[in-house]
Structures are given as C-alpha cells and as structure tokens.
2 protein chains.
Amino acid sequence: MSQREPLTRERIIETALHLIDGQGLGRLTMRRLGDSLQVEAMAIYHHLPHGKEQLLEQLIAHVAALPVPPGDGEPRDRLRSWAHAYRGRLLEHVGVMPLIVTRRNPGALMATTLSIRELLREAGLREAEAFVGAHVLLGYLLGTVALEAREQASGTTSDEVDSDERFTAGLDRVLAGLVRPTAP
Amino acid sequence: MSQREPLTRERIIETALHLIDGQGLGRLTMRRLGDSLQVEAMAIYHHLPHGKEQLLEQLIAHVAALPVPPGDGEPRDRLRSWAHAYRGRLLEHVGVMPLIVTRRNPGALMATTLSIRELLREAGLREAEAFVGAHVLLGYLLGTVALEAREQASGTTSDEVDSDERFTAGLDRVLAGLVRPTAP
DNA sequence: CAGCCGCCTTTACGCAGTAAGGTGCGATCA
DNA sequence: TGATCGCACCTTACTGCGTAAAGGCGGCTG
C-alpha cells in the first residue's frame with residue numbers, strides 16, 4: 001500500500017525549492033529534505049553524488065536560467081515582457097537569490113545573457129553596445145530584485161511603496177538609456 | 001611578553017573582513033575568527049552578544065554603507081564618481097556580497113539610498129523620478145558587481161573582457177536614461 | 001581585606017554534512 | 001529453479017559548526 005514513487009533528481013530539486021520557498025534557505029538541510037521526500041538523508045547522495053553543493057547548483061540553474069523566448073515583435077517590447085517574466089520568476093523563489101549571487105554555478109546565466117545580447121543586436125545596437133547592454137539589463141534585474149527581497153524581508157507592509165510600479169518605471173529608464181527610440 | 005591588545009568590536013569586524021577577503025565567506029567561523037584574534041571563540045560573544053548574526057550585520061554595515069559624499073560639482077559627475085567608489089568598495093570585499101543580498105540588516109543601505117535620491121533631485125528630477133532613479137542606480141550597482149563577482153570566481157582570466165570598461169560604459173547608459181542632459 | 005565586575009576560558013549540547021559500509025530486492029542467466 | 005549481481009536506499013559514525021552555561025581571574029572600590 002502507498003508505496004512512494006522512486007526518488008529522482010527532478011523530484012529532489014522541486015522538493016528542495018518548495019522547502020526554500022516555504023521555510024527559507026537557512027532551513028534547507030539534507031536531513032530535512034530527506035524527511036520531505038520520506039527518505040533518509042543519505043539516499044539523496046545516490047542521485048546527487050556531490051551532495052549539497054550539487055543540489056544548490058541545480059537550484060540556481062532551475063531558477064535563474066530563463067532566456068528570452070523566441071518571437072517576432074518589437075525587440076524593445078520583447079525585452080520588456082521578458083524582464084517582467086524574469087523578475088516574476090526570481091521573486092517566486094527569492095530564497096535562492098543569495099545562491100545566484102554567490103560564485104556557484106558559473107554559466108547558469110550564460111544562455112540568458114546571450115539571448116539578451118542577440119535581441120539587442122536585433123534592436124540595432126552594435127556588438128560592443130549589445131555586450132554592455134546585456135550586462136546592464138541583467139545587472140539591473142538582479143540588483144533590483146535583491147533590493148526588493150531585502151525590503152520585503154524587513155517587514156515593510158507594501159503599502160509604503162508599489163514595487164511593481166517602481167520596477168516598471170525603472171525598467172523604462174534603463175531601456176531608454178540602452179535602445180534609441182525606433183523611428184516610426 | 002607580547003601581551004595582545006584587548007578585544008574590541010572594531011578589531012573583531014576588521015579581522016573577520018580580512019578573513020573573508022582571504023579565505024571566503026564559507027571559511028568564516030567563530031572558532032577560526034577566535035584563532036585569528038588569539039582568543040577562544042566564546043570571547044567574541046562578550047563583544048557581540050548576538051553572535052554570528054550580529055557579526056554579519058556589522059560586516060554589511062561596514063561594507064555597504066557609503067553615501068554620496070557632500071560636494072558641489074555637477075550632480076551627474078558626482079554620481080559617476082561615487083558609483084565608481086562604491087563599486088570599488090564592493091569589489092574589495094566581494095565575499096560579503098551574498099550577505100548584502102540576503103535579508104540581513106535592513107537599513108544598511110538607507111543612508112546611501114537617501115543620499116542618491118537627494119542628488120538626483122539636485123539634478124532636476126522630480127520626487128517620484130528621484131525615487132525610481134535611486135533604485136535603478138543602486139540596483140545596477142549591486143547587480144553588476146554580483147555578476148562581476150561570479151565571473152571572477154569562474155576563473156576567467158580577465159583577458160576575456162575588461163570589466164572596468166564595461167562598467168563605465170554601462171553606468172553611462174544608466175545615467176543617460178535617468179538624467180536628462182544639462183542645458184549649457 | 002572582602003566583594004564585585006569586566007573579560008576571557010572551559011565544558012557541553014544539538015544539529016550540520018557526509019564517508020563508509022550494509023541491506024533488500026528485482027532482473028539476469030545458468 | 002536457484003545463484004548472482006547491481007541498484008536504490010539505510011545505518012552508523014565522524015568532524016565541525018554555533019552557542020548556552022558556568023567557571024576562573026585580575027584589578028578596582030568600599
């Protein structure tokens with residue numbers, strides 16, 4: 001009766017993410033993760049041989065990798081809506097932000113960076129400009145979400161400022177600095 | 001002979017910072033910090049009663065609090081040179097970036113944020129614009145330094161890209177989006 | 001001299017990550 | 001059929017962490 005489904009790397013990662021979202025990164029431990037999976041902690045090592053380090057890497061990849069989806073609208077509009085989606089993803093899993101900032105998993109942001117760069121080229125920027133632009137955009141996103149995260153953790157009851165509005169306005173300023181207005 | 005000077009909060013924090021810079025945040029432990037100070041770990045608790053939590057808060061305050069200095073040049077130029085100084089400070093102590101991003105020590109960035117806001121107002125922005133602008137600028141700074149930190153930890157030998165140049169160019173784009181060109 | 005207080009050490013507890021080895025069970029093959 | 005094997009998971013045990021609690025110890029004050 002009720003024999004649990006077998007452990008998989010995916011299930012482990014999803015459960016870990018769920019645990020972080022609910023309890024915070026600090027409460028993610030191998031033993032607790034094992035409990036959530038109804039398994040002894042050491043069982044996890046069979047699927048992630050490099051232990052917690054590897055688990056955290058996978059978590060970053062799962063959250064931070066979100067390239068601009070293909071499409072054919074105005075580059076500027078596509079960037080804008082991607083930025084909103086990306087921020088949404090990051091805020092959904094604020095708990096992993098410290099991991100993303102830490103040295104772990106280089107290359108997790110590679111695909112994302114490249115896709116932005118490409119889109120900026122489509123928008124008419126030269127190679128060097130697109131290179132800088134992608135860095136600016138990704139930097140603004142990570143930094144701004146980090147700031148939001150610390151605010152929302154400081155217990156300000158959100159009536160103080162409208163973060164969404166601020167983000168949208170800020171994104172507008174950033175894009176204004178990056179992409180020259182398209183001639184009609 | 002050679003009786004050590006007494007422990008102080010300042011000395012503890014400086015030593016901790018030194019330890020992080022040299023060995024990384026992960027190797028900062030109370031026991032190791034005690035060793036560096038030639039003291040038993042528990043001695044630290046006499047000066048920081050709330051233990052490691054309090055230590056980390058102090059580290060953040062020490063690194064992240066750097067308001068725009070008073071002066072009387074062009075607001076835009078003052079912002080630019082402050083941004084360079086701030087980035088320099090953050091890169092000097094990359095190890096604490098994860099702490100700054102984490103929820104700890106709300107208000108460590110308060111003074112800094114306010115000083116930027118004020119300067120943007122001097123530059124002619126309206127209250128709401130200055131509010132957004134300060135968020136954009138601080139966000140860009142934190143995010144961009146975080147990105148640089150992960151790059152430099154990934155072992156890219158810096159001949160790949162010139163981070164300084166990229167930062168300067170990016171800062172230019174951001175400022176261009178925020179402050180309208182001053183009429184001569 | 002007695003008492004106190006500020007600074008540091010000692011001891012000990014619970015929890016963390018994980019190395020090493022063991023167990024049980026289904027598939028494979030003689 | 002029964003022996004063998006290997007995968008998936010468990011058990012045990014070790015080291016190192018943060019820190020509560022209590023103990024010493026030297027210098028000051030009364």
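Just so it is clear: chains get the letters A, B, ... in the order the sequence lines come, proteins before strands, and each one is counted from 1. Fair warning: this is a prediction, and the values are worked out from it, not measured in the lab.
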Please enumerate all residues that pass salt bridge (Lys or Arg N to Asp or Glu O under 4.0 Å) together with [X], with sequence neighbours excluded.
X      : result
B:R173 : none
A:E148 : A:R87
B:R80  : B:D77, B:D172

Can you check the [X] [atom1] to [N] [atom2] distance for me, whole Å?
X     : N      : atom1 : atom2 : value
A:K52 : C:dA16 : NZ    : P     : 9 Å
A:L33 : D:dC9  : CG    : C1'   : 15 Å
A:M42 : C:dA20 : CE    : C1'   : 9 Å
B:D35 : D:dC17 : CG    : P     : 9 Å
B:H47 : C:dC8  : NE2   : C1'   : 8 Å
B:L48 : D:dA20 : CG    : P     : 13 Å
B:E40 : C:dC7  : CD    : P     : 18 Å
B:R11 : C:dC8  : CZ    : C1'   : 13 Å

Query raised in the report: Can you check whether B:H46 has a side-chain N or O nearer than 4.0 Å to OP1 or OP2 of C:dT9?
Result: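 Result: no.
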
**Report entry** N or O in side chain of B:H50 less than 4.0 angstrom from D:dT19 OP1/OP2
**Finding:** no

Lys/Arg-Asp/Glu bridge criterion (N-O < 4.0 Å) met for [X], [Y]:
X      : Y      : answer
A:E92  : A:R89  : no
B:E129 : B:R126 : yes
A:R104 : A:E53  : yes

Checking [X] now: which residues fulfil ring pair (Phe, Tyr, Trp, His ring centres under 6.0 Å) with it, not counting sequence neighbours?
X      : value
A:H84  : A:F167
B:F131 : none
B:Y45  : none

Query raised in the report: Rounded to the nearest 0.5 Å, how far apart are CG of B:L25 and CG of B:L59?
Result: 8.5 Å

Query raised in the report: Quick one, which residues of residues 23-32 of chain B touch DNA chain C with a heavy atom under 4.0 Å?
Result: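 Result for residues 23-32 of chain B: none.
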
Query raised in the report: Between the side chains of B:H47 and B:T8, does any donor sit under 3.5 Å from an acceptor?
Result: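 On atom types as modelled, these side chains do not qualify, holding no pair under 3.5 Å.
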
Between the protein and nucleotides 3-5 of chain C, which nitrogen or oxygen pairs come in under 3.5 angstrom?
none

Query - Sequence-distant partners of B:T113, side chain to side chain contact (heavy atoms under 4.5 Å, CB included), two or more places apart - result: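 B:T113 satisfies side chain to side chain contact (heavy atoms under 4.5 Å, CB included) with B:L109, B:R117, B:A134, B:L138 only.
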
Query raised in the report: For B:A169, what residues pass the side chain to side chain contact (heavy atoms under 4.5 Å, CB included) criterion, not counting sequence neighbours?
Result: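 Checked B:A169 against side chain to side chain contact (heavy atoms under 4.5 Å, CB included); matches are A:V132.
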
Query raised in the report: Can you tell which of C:dG17, C:dT9, C:dA19 lies closest to the side chain of B:A43?
Result: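 Minimum distance to the B:A43 side chain belongs to C:dT9.
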
Could you write out each protein N or O paired with an N or O of nucleotides 22-28 of chain D at a distance under 3.5 Å?
none

Query raised in the report: Where along residues 54-64 of chain B does a heavy atom come under 4.0 Å from DNA chain D, residue by residue in number order?
Result: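 Here the set is empty: none.
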
Query raised in the report: How far apart are the C-alpha atoms of A:K52 and A:E57, what are their side-chain angles, what is the distance that settles it, and do they pass the salt bridge (Lys or Arg N to Asp or Glu O under 4.0 Å) test?
Result: CA-CA 9 Å; A:K52 198 168 188 184; A:E57 276 180 24; over 6 Å; no

